[in-house]
Chemist: 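First, the structure itself, so that you have it in front of you.
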Protein chains: 2
Amino acid sequence: MEAVTIKDIARALNLSTSTVSRALRGSYEINPETKRLVMEYAERMNYRPNPIALSLKENRSRVIGVIVPQIANDFFSQAINGIEAIAYNRGYHVIIAQSHESFEREVVTVQQSVARKVDGLLISLSSETNDVSHLQELRQKNFPIVLFDRVSDELDTVKIVSDNYGGAFAATEHLIRSGRRRIAHVTIPPYMSITQERLAGYRAALEQNGLPYDESLIRYVGFGQHEIDPIVDDLLEQSPPPDAFFAASDRLALGCLATLQARRIVIPEQVSIVGFTNIGVAHLLSPPMSTVVQPAKEIGQTAAERLIELIERKQKAAPIGTVRIPTQLIARQSSGV
Amino acid sequence: MEAVTIKDIARALNLSTSTVSRALRGSYEINPETKRLVMEYAERMNYRPNPIALSLKENRSRVIGVIVPQIANDFFSQAINGIEAIAYNRGYHVIIAQSHESFEREVVTVQQSVARKVDGLLISLSSETNDVSHLQELRQKNFPIVLFDRVSDELDTVKIVSDNYGGAFAATEHLIRSGRRRIAHVTIPPYMSITQERLAGYRAALEQNGLPYDESLIRYVGFGQHEIDPIVDDLLEQSPPPDAFFAASDRLALGCLATLQARRIVIPEQVSIVGFTNIGVAHLLSPPMSTVVQPAKEIGQTAAERLIELIERKQKAAPIGTVRIPTQLIARQSSGV
DNA sequence: TTGTACGCGTTATCAG
DNA sequence: CTGATAACGCGTACAA
């Protein structure tokens with residue numbers, strides 16, 4: 001509450017505020033004795049520069065805005081973990097906001113964040129977002145923006161994503177090599193960059209192995225949908241039924257696992273599962289199922305690093321481009337197959 | 001970048017900054033015509049008051065600091081979701097920091113946040129934290145703090161928690177009523193408020209039903225430990241083995257489920273599970289297992305509401321005390337038992 | 001009804 | 001080596 005300011009120190013020590021300021025940051029040649037005095041007093045009074053005054057003066061806040069569709073999501077919370085780690089090391093704080101998968105809220109939140117004077121923005125687009133003109137405008141003013149995970153081709157900026165195609169390819173191929181032939185794909189809503197990339201990887205793996213791409217084995221599950229069992233049950237009623245599941249998120253992988261357990265279907269004897277998951281969940285699930293681990297934390301870290309680069313030397317040509325971070329396949333002990 | 005200020009508007013309209021300021025916030029009696037002019041121009045130029053200047057002037061930031069042990073955790077990310085929802089409705093932004101379960105980092109982070117001039121702090125203590133003097137000091141200066149989930153008896157402030165005792169009691173009793181007699185308890189590290197409360201609820205349910213409290217059925221699992229299967233395997237080797245598991249977090253519940261699936265143990269025929277979980281995960285797991293759902297989001301919301309009350313009318317006597325939000329038992333279809 | 005001057009906390013510039 | 005002053009953007013007491 002009653003924070004001590006430079007002015008307080010100056011008054012107490014019978015100095016001017018400028019002298020105190022200089023002594024504190026050791027800039028100009030200052031009488032060592034004066035400096036010592038000021039330092040000691042400041043230390044004793046637990047002086048902390050007021051960051052708000054600094055922000056006003058320097059026209060920067062040392063705050064990074066992060067806008068994600070949902071915080072309560074394994075991928076995003078791990079990405080934020082990575083962001084936070086980098087940001088704090090570099091002296092930035094992180095302000096979080098959610099778009100709740102709504103385009104409108106995304107736009108408002110972006111505007112609010114900019115009005116709040118964040119130094120840059122780290123955004124993962126809502127599933128509703130097609131139009132990115134709200135971000136284009138900012139980029140044209142040279143405002144630092146980095147997109148991660150859910151990106152858009154229409155925005156010229158730095159983008160950090162998982163290797164969704166490669167991960168899905170590896171997952172599918174792993175199942176094929178385990179002898180699976182009818183691989184169901186349970187995935188998130190279409191029309192998102194990540195969905196399309198994963199679907200493409202799945203399809204390519206099938207085709208390169210001479211297996212048909214059968215749309216009746218694909219299911220799109222909305223983010224709001226909490227019940228996975230009807231979807232799994234429906235797939236199981238196909239004839240012939242699938243002999244494997246490739247779930248495109250850990251939520252879906254988990255749901256499949258639980259439903260299969262409830263239906264007394266033994267993994268991997270009757271079916272195999274590979275989930276596109278995040279670390280932590282991956283480790284917990286990995287005894288019965290194989291997983292493709294998304295580099296969520298690393299994506300967050302990389303995105304934060306690149307954003308801070310953009311912020312701190314805006315004069316340089318911005319290193320535009322997409323960075324793809326590899327996924328990692330954790331194969332279940334093959335003994336069981 | 002080049003944001004328009006009151007000064008710009010004043011210059012353009014040949015007015016003084018004070019007139020513009022007053023016109024904008026409609027306070028003093030202003031010539032309606034002038035007011036209209038200013039409003040229109042401000043609108044057209046997309047004027048936004050600089051929140052940093054406001055903060056400096058008003059000595060408040062409209063920012064709430066949230067300090068949690070880990071963001072990448074279902075409970076905390078859901079709690080943050082609730083916090084964010086309330087905060088944004090009330091015009092606050094949310095700055096997130098992690099203690100990473102380290103006492104030292106918690107102390108540093110608290111200090112940093114206060115130096116950053118957050119208006120109040122929402123904290124869930126690290127598992128290492130016994131000493132809360134860093135928070136006591138702040139409370140004595142009347143700095144607004146609300147503790148949630150992981151709290152401490154030694155700090156006199158508002159605390160918001162799950163009804164851990166009641167939830168654990170309900171979970172255990174549910175298992176007993178399903179005919180289970182040897183109920184293993186897989187839980188998080190001891191010495192935390194929530195662990196103790198859940199353990200107490202478990203024990204009370206056993207004792208009230210005439211069952212022995214057997215320490216060999218209890219396992220404490222650290223947050224760093226990703227492999228649950230050795231623990232479950234070890235429990236299964238008890239003689240007689242447990243006929244049920246009560247897992248004290250969704251991470252642990254998930255790990256138990258996966259291990260049991262891998263061991264071909266059928267739920268609920270051979271064993272039952274109840275997990276102390278969070279919504280979302282709860283719904284996904286609920287076909288095979290019953291769950292006690294923690295009100296994570298509601299805890300976040302309530303904590304944020306109470307903190308904002310504290311911030312906005314500090315003069316009033318602070319409503320100190322602990323609020324316990326009920327948990328909810330989602331019982332698996334009993335048909336299977 | 002409008003304008004002038006000041007203060008919030010800090011640092012850079014210029015003067016001494 | 002040190003002090004006075006201006007400036008960052010805003011709101012407001014006071015003066016006109």
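Convention: sequence-line order gives letters A, B, ...; per-chain numbering from 1. Keep in mind it's a predicted model, so treat the numbers as computed, not measured.
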Chemist: Provide, to the nearest angstrom, the distance between the CZ atom belonging to R11(B) and the P atom belonging to dT2(C).
Modeler: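 These atoms are roughly 20 Å apart.
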Chemist: Any carboxylate oxygen within less than 4.0 angstrom of a Lys/Arg side-chain nitrogen, looking at E128(A) and R105(A)?
Modeler: no
Chemist: Just by distance, no angles: are the side chains of S126(B) and T129(B) close enough, under 3.5 Å, to form a donor-acceptor pair?
Modeler: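 Yes - a donor-acceptor pair under 3.5 Å links their side chains.
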Chemist: From the options dG3(D), dC8(D), dT10(C), select the nucleotide whose nearest atom is closest to the side chain of T19(A).
Modeler: dG3(D)
Chemist: Could a donor-acceptor pair under 3.5 angstrom be found where the side chain of R22(A) meets the base of dG3(D)?
Modeler: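 For R22(A), whose side chain was compared with the base of dG3(D), there is a donor-acceptor pair (under 3.5 Å).
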Chemist: Using a distance-only criterion (donor-acceptor N/O pair, under 3.5 Å, no hydrogens), is the base of dT10(C) paired with the side chain of S18(A)?
Modeler: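 For S18(A), whose side chain was compared with the base of dT10(C), there is no donor-acceptor pair (under 3.5 Å).
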Chemist: Near DNA chain D, counting only heavy atoms under 4.0 Å, which residues of residues 51-58 of chain A show up?
Modeler: L56(A), K57(A)
Chemist: Specify the separation, in whole Å, of atom CG of L15(A) and atom P of dG16(C).
Modeler: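 The distance from CG of L15(A) to P of dG16(C) comes to 20 Å, rounded to the nearest Å.
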Chemist: For the CG atom on N46(A), are there more than 12 heavy atoms of other groups (residues, nucleotides or ligands in this structure) within a distance under 6.0 Å?
Modeler: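 Yes.
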Chemist: Measure the shortest side-chain to side-chain distance between L24(B) and Y47(B) over non-hydrogen atoms and say whether it is less than 4.5 angstrom.
Modeler: yes
Chemist: Whole-Å distance between dG3(D) P and I6(A) CD1?
Modeler: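 It is 13 Å, rounded to the nearest whole Å.
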Chemist: Measure CG/L24(B) against P/dT2(C) and give the value in whole Å, please.
Modeler: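 So the CG-P distance, L24(B) to dT2(C), works out to 14 Å.
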Chemist: Would you indicate, yes or no, if dA4(D) has its OP1 or OP2 atom less than 4.0 angstrom from a side-chain nitrogen or oxygen of T17(A)?
Modeler: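 It does not, given that no N or O in the side chain of T17(A) lies less than 4.0 Å from OP1 or OP2 of dA4(D).
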Chemist: Report the distance from atom CG of N50(A) to atom P of dC8(D), rounded to the nearest whole Å.
Modeler: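 Those two atoms, CG and P, are 18 Å apart.
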Chemist: Answer yes if the side chains of E106(A) and H100(A) hold a donor-acceptor pair under 3.5 Å, and no otherwise.
Modeler: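 No - no donor-acceptor pair under 3.5 Å links their side chains.
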Chemist: Given that P49(A) and S16(B) both sit by DNA chain C, which one's nearest nucleotide is further toward the 5' end?
Modeler: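 Residue closer to the 5' terminus by nearest nucleotide: S16(B).
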Chemist: To the nearest Å, give me how far apart CG (L37(A)) and P (dT2(D)) are.
Modeler: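 So the CG-P distance, L37(A) to dT2(D), works out to 10 Å.
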Chemist: OP1 or OP2 of dG9(D) versus the side-chain N and O atoms of Y47(B): is any pair under 4.0 Å?
Modeler: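 Answer no for this pair, as no side-chain N or O of Y47(B) is under 4.0 Å from OP1 or OP2.
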Chemist: Measure CZ/R116(B) against P/dG9(C) and give the value in whole Å, please.
Modeler: 18 Å
Chemist: E40(A) and R36(A): salt bridge (charged side-chain N to carboxylate O under 4.0 Å, His left out), yes or no, with the steps?
Modeler: CA-CA 6 Å; E40(A) 266 179 16; R36(A) 196 185 55 74; 2.8 Å; yes
Chemist: Nearest-Å distance, CD (E33(A)) to C1' (dT2(D))?
Modeler: 15 Å
Chemist: For E312(A) and R90(A), run salt bridge (charged side-chain N to carboxylate O under 4.0 Å, His left out): C-alpha distance rounded to whole Å, both residues' side-chain angles, the deciding distance at 0.1 Å, then the answer.
Modeler: CA-CA 11 Å; E312(A) 295 191 346; R90(A) 309 284 228 93; 3.8 Å; yes
Chemist: I want to check one thing: is the phosphate of dT11(C), taken as OP1 and OP2, less than 4.0 Å away from some side-chain N or O of S21(A)?
Modeler: yes
Chemist: Counting side-chain heavy atoms from C-beta on, which of dC8(C), dG9(D), dT11(C) comes nearest to K7(A)?
Modeler: dC8(C)
